[in-house]
Participant: 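Have a look at this one before I ask anything.
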Amino acid sequence: MTAPAAPLPFLPLTRPTIDDETIAGVAEVLRSGWITSGPQVKAFEAKLSEYFGGRPVRVFNSGTCTMEVALRIAGVGPGDEVITTPLSWVATSNVILEVGAKPVFVDIDPVTRNLDLNLIEAAITPATRAIIPVDLAGLPVDRDRLYAIAKKHRLRVVEDAAQSFGSLWRGRPIGASGDFVSFSFHPNKNITSIEGGCLVLNDDREAKLAEQYRLQGVVRTGFDGIEVEVLGGKFNLTDVAARVGLGQLAHLDEFTARRRELARAYFERLDTPAVRALGLGLPVADFETSNWHMFQVVLPAGPGALKRAEVMARLQAAGIGSGVHYPAIHLYALYRRLGWKDGDFPRAEETCRNILTLPLFPAMTHADVARVADALVSILQAHSQP
Ligand SMILES: *Cc1c(COP(=O)(O)O)cnc(C)c1O
């Protein structure tokens, strides 16, 4: 008789990889006597700027305030409209409300799951000032078409690239070109500073304004004076966080390569006639531009289909985490109160009801991917062949 196999450890949806060098670096910062914004922030900004081909970059304490600040620099406010997608983290449209402007959602392309660029021009009105596209799961929105539309209609763009750090467009990093580009360093993102984010800007004037909006609008004048001209927030990143970000940035290429490799392994298991027959929707098989921030499937829908919550519960029982990214923004209570309702964006709603994020992070193994894929397939098969 053989002993029963020990249960496999729980596999979370995601987990950051922090090396010992970074941990030692954090300890050094903590002992240095300067722990809030200082030399580490400057060093992190310099490295990021280098990565983005020399464009000005400022770091912040989230990838939400970065977008709010970009909108403020662009002068977007009450009476203005900003076009965006209903399939994103709610931060994307909350920042539009935060500056007093009106979100204008356009439906998604169900293949890319990003906003459908074909629908943008019909949504533009004389009040439209900006577009906030989102690269869901790291798959870039078509930047050539996006900027052609923005240029034609003289619109600003605030790229919500929270999920696409390390993704490419025409062989260059997302952020190396474009208008405002915002990234998040939340622990679930491809690189982290615990909490944090950065904003890529166009010139020194915008960078100076970004610094003011980041810290109470303050500018220093001489040795003993300060002046306040704009209403700023409290959005500065600490040196401790910046040191974590620096340690992460050094591993970016390795993290991205590993995520791509694991995504390929998911395709090997799931992109088969037998799995396709179950009605499982797969992401775009993009191994050139995407950083594979997430691996998201769309579960089979319809009256007889297994409910997503049930699939998640069965995965959980098998020791596997999963997640929903995201419910449709326009159907949250806050947004319903502002007038949106079921049926406004049918393709986003359909995808949001059935989308499921599977575990994908650099420390995962190929055996982990096989375990997740096999568990999902057997859950779906058991239901389709009762
Ligand atoms: C994570 C995320 C944000 C917000 O980033 P925070 O750093 O958590 O504020 C915004 N938009 C998208 C698409 C995100 O995934």
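Fair warning: this is a prediction, and the values are worked out from it, not measured in the lab. Residue numbers start at 1 and run along the sequence shown. Whatever order the structure lists ligands and atoms in, that order sets their numbers, starting from 1.
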Participant: Which residue and atom name correspond to the protein heavy atom nearest atom 1 (C) of ligand 1, and how close is it?
Facilitator: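 Nearest neighbour among protein heavy atoms for atom 1 (C) of ligand 1, to 0.1 Å: Lys189 NZ, 1.5 Å.
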Participant: Please state which protein non-hydrogen atom is closest to atom 5 (O) of ligand 1 and give its distance, to 0.1 Å?
Facilitator: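 The closest heavy atom on the protein side is Ser184 OG, 3.2 Å.
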Participant: Pairs of nitrogen or oxygen atoms closer than 3.5 Å, one from Trp89 and one from ligand 1: do any exist?
Facilitator: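 Not met; the criterion fails.
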Participant: Give me the nearest non-hydrogen protein atom to atom 4 (C) of ligand 1 as residue plus atom name, then the distance to 0.1 Å.
Facilitator: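 Protein heavy atom with the smallest distance to atom 4 (C) of ligand 1: Thr64 OG1, 3.5 Å.
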Participant: Please identify which of these residues, Phe183, Phe60, Phe235, Tyr213, meets the side-chain contact (heavy atoms from CB on, under 4.5 Å) condition with Leu199.
Facilitator: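 Result for side-chain contact (heavy atoms from CB on, under 4.5 Å) with Leu199: Phe60.
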Participant: Examine ligand 1 and decide if any of its atoms is less than 4.0 Å from a heavy atom belonging to Phe60.
Facilitator: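 Checking ligand 1 against Phe60, which is what was asked, there is no heavy-atom contact under 4.0 Å.
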Participant: Going by the angle between their ring planes, with limits at 30° and 60°, are Phe267 and Phe295 parallel, tilted or perpendicular?
Facilitator: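 Perpendicular.
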Participant: Just wondering, are more than 12 heavy atoms of other shown residues or ligands nearer than 6.0 Å to CZ in Arg172?
Facilitator: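 Not buried by this count: 12 neighbours or fewer within 6.0 Å.
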Participant: Any N or O of Asp160 that comes nearer than 3.5 Å to an N or O of ligand 1?
Facilitator: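 Yes, at least one N or O pair falls under 3.5 Å.
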Participant: Quick check: Ala162 and ligand 1, any N/O pair under 3.5 Å apart?
Facilitator: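 No - when backbone and side-chain N and O of Ala162 are compared with those of ligand 1, no distance drops under 3.5 Å.
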Participant: Quick test: of every protein heavy atom, which one is nearest to atom 15 (O) of ligand 1, and how far off is it to 0.1 Å?
Facilitator: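 Result: Gln163 NE2, 2.8 Å.
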Participant: Please report whether the ring centroid of Tyr332 lies less than 6.0 Å from that of Tyr326.
Facilitator: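 Ring-ring flag for Tyr326/Tyr332: false, centres at least 6.0 Å apart.
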Participant: Can you confirm whether or not the ring centre of Phe287 sits under 6.0 Å from the ring centre of Trp292?
Facilitator: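 Phe287 vs Trp292: aromatic centres under 6.0 Å.
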Participant: Does the side chain of Tyr335 come under 3.5 Å of the side chain of Ser93 through a donor N or O and an acceptor N or O?
Facilitator: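 Yes - a donor-acceptor pair under 3.5 Å links their side chains.
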